[in-house]
Amino acid sequence: MSWIHSVLFLSLTFRWCVTGESSPEVTDDGAPMEKTEQDALYSAIQGFVGDSWNGSDLYPDPCGWTPIQGVSCDLYGDLWYVTDLTLGLVHENSLSCATSLKIKPQLFKLKHLKSLTFFNCFTSPITIPKEEWINLGSNLESLEFRSNPGLIGELPETIGSLTKLKSLVVLENGFNGKLPTSLCNLTRLKRLVLAGNLFTGTIPDCFNGFKDLLILDMSRNSFSGTLPSSIGEMVSLLKLDLSNNQLEGKLPQEIGFLKNLTLLDLRNNRISGGLFENIEKIRSLTDLVLSGNPMSSDDMMGIKWENMGNLVILDLSKIGLRGEIPLGLTSLKRLRFLGLNDNNLTGTVPSKELETLPCLGALYINGNNLSGELEFSRKFYEKMGTRFKASKNPNLCQHVVSEAQHYVVGLKSCMMEKTKGSLVIKQTWSNLKKEDESSSSMGVMVTRHVLLSNGFMWDLLLELSLILLLNLLVC
């Protein structure tokens, strides 16, 4: 301790001895913590961890040599004040919340509090206070409620008074009802996460003022209605996740104005109206997930996919796509996941082109009406493993030399039928190609159909060599 700190300590001690004043707690940095601030901190924590907790005995200098896990302080003038408070078992040595806890009014008397977090703290049903939040409005920049199933009721309207908030995280709690309109006041937000609750109603149409917002996650709720066009005015937005709600209607064209967006996840809603061409203007996108929406889109070929070269994940499964697989997808060199399953796609699969994608690690084209032959190499199948599915395409087959090389479960090997007179010749595509190239004596399967007068048909199956077959055809 420096001589200046020593003098300060002695002067404070002398004043306490002479005047009889209660001595504010002096930290190891020589500065005291304001007495009312210290008492408010002890009382607030005691409400969460239980009445048996005695902070003044356990932590006589909470901003100094006896710090409390989850509490951070800063100097204002010559006094220490609490700036960060985290309640709940974030770390092993954090203070755990009691089953029956109380939110004491002293919590809202921490006048310099900048960050407040509740993690897995509220397990029994409780509603949070409504009026006191305004007391924290002048300083609070971060407010988080994470994994608190006991937090029920609506989000207080007074949350909107915290106009200096830069981060509001309300993740996996029991909140329900409509969002307060006062959220539109929080225009300084950089992160707004309301995921995993029971919120209902429509998404507020007031995002035109959120110029600094980087992350908007309102997934896993019960929001309904259409997407507001003001979403397109969040020019700094990087991630937009509205998945697993009940949103409906068409996608607003204004989404195409989000030039910095890297993630767009709208899966499992009721969005219709097809894909929109403005999506190709978001060239920064790395993750585009639209699966599980009744889009009934036939304009997949109209999008210039080659302009979206940053895509890593593209999931368009279960959205009613029609038409062929566009070759533009084969230009996405960073693509790792491609989901086109459970649609109404037709035509052939551009196997050779897709195989050239260097990063592709998962491909799902099952559940369509694709036709023709898959021409992927053995190396490709071995690389993909179970992350490749092509089954439930009735007219699609795979190139197979032997049963040991039957790579795709649920997909038949390619067979071709030739008919001449009453003869039906069935052979694998691979055998047919070799037959065309040379007159090798590779075995084929011949079926002779004999139609009798009584209407029955007898099938005589004969395994003949290619030479015998050709002789029969000539005759």
For the pair Ser222 and Leu198, evaluate side chain to side chain contact (heavy atoms under 4.5 Å, CB included) and give the outcome as yes or no after the intermediate values. CA-CA 6 Å; Ser222 296; Leu198 302 170; 5.9 Å; no

Quiz question: by atom type and distance under 3.5 Å, do the side chains of [X] and [Y] form a donor-acceptor pair?
X	Y	value
Ser331	Glu353	no
Ser167	Glu141	no
Asn368	Asn343	no
Lys304	Asn307	no
Asn369	Thr346	no
Asn245	Asn221	no
Asn120	Arg146	no

If you measure from [atom1] on [X] to [atom2] on [Y], what distance do you get to the nearest 0.5 Å?
X	Y	atom1	atom2	value
Ser94	Leu89	OG	CG	6.0 Å
Thr163	Arg188	OG1	CZ	6.0 Å
Asn260	Leu237	CG	CG	9.0 Å
Asp241	Asp217	CG	CG	4.5 Å
Lys130	Thr158	NZ	OG1	9.0 Å
Leu116	Asn139	CG	CG	13.0 Å

What heavy-atom pair brings [X] and [Y] nearest, and what distance separates the two atoms?
X	Y	result
Lys412	Pro394	NZ-O, 3.2 Å
Phe376	Ser351	CE2-O, 3.2 Å
Ala390	Phe388	CB-CZ, 3.8 Å
Ser147	Asn173	N-OD1, 3.8 Å
Asn293	Leu290	ND2-O, 3.0 Å
Leu357	Leu329	CD1-O, 4.0 Å

Give the C-alpha distance, both sets of side-chain angles, the deciding distance and a yes or no for side chain to side chain donor-acceptor pair (under 3.5 Å) between Ser230 and Asp205. CA-CA 6 Å; Ser230 60; Asp205 190 6; 2.5 Å; yes

Does [X] reach the main-chain N or O of [Y] with its side chain, forming a donor-acceptor pair under 3.5 Å?
X	Y	answer
Ser291	Arg267	no
Asp287	Ile313	no
Gln398	Leu411	yes
Ser182	Glu157	yes

Report yes if some heavy atom in the side chain of [X] is under 4.5 Å from a heavy atom in the side chain of [Y]; otherwise report no.
X	Y	result
Phe380	Thr356	no
Ile45	Leu95	yes
Lys239	Leu261	no
Thr127	Leu151	no
Ile255	Leu227	yes
Asn395	Leu370	no
Leu263	Leu240	no
Leu321	Leu316	yes

Which is it for Leu136 and Leu107 under the side chain to side chain contact (heavy atoms under 4.5 Å, CB included) test, yes or no, and what are the steps along the way? CA-CA 9 Å; Leu136 301 178; Leu107 173 67; 5.6 Å; no

Counting neighbours of [atom1] on [X] that are heavy atoms of other residues, nucleotides or ligands and sit closer than 6.0 Å, is the number greater than 12?
X	atom1	answer
Lys211	NZ	yes
Ile134	CD1	no
Glu306	CD	yes
Lys333	NZ	yes
Lys383	NZ	yes

Indicate the ring-plane relationship of Phe122 and Phe118, choosing parallel, tilted or perpendicular according to the 30° and 60° boundaries. tilted

Look at the aromatic rings of Phe199 and Phe223 and report parallel, tilted or perpendicular, splitting at 30° and 60°. parallel

Yes or no on side chain to side chain donor-acceptor pair (under 3.5 Å) for Ser377 and Glu355, after CA distance, side-chain angles and deciding distance? CA-CA 8 Å; Ser377 68; Glu355 187 168 351; 2.3 Å; yes

Please walk me through it: do Asn366 and Asn341 pass side chain to side chain donor-acceptor pair (under 3.5 Å)? CA-CA 5 Å; Asn366 50 298; Asn341 53 289; 4.7 Å; no

In Ile203, Asp265, Ile271, the residue satisfying side-chain contact (heavy atoms from CB on, under 4.5 Å) with Leu242 is Ile203

Pick from Asn310, Leu314, Leu264: which one makes a side-chain contact (heavy atoms from CB on, under 4.5 Å) with Leu285? Leu264

Pair Leu247-Leu266, side chain to side chain contact (heavy atoms under 4.5 Å, CB included): steps then yes or no: CA-CA 9 Å; Leu247 300 171; Leu266 302 175; 5.6 Å; no

Test: Arg191 and Glu144 ion pair at under 4.0 Å: yes

Could you check Trp133 against Leu143 for side chain to side chain contact (heavy atoms under 4.5 Å, CB included), going step by step and ending with a plain yes or no? CA-CA 11 Å; Trp133 291 102; Leu143 176 60; 3.9 Å; yes

Evaluate ring pair (Phe, Tyr, Trp, His ring centres under 6.0 Å) for Phe337 paired with Tyr364, printing each intermediate quantity in order. CA-CA 9 Å; Phe337 179 99; Tyr364 299 97; 5.7 Å; yes

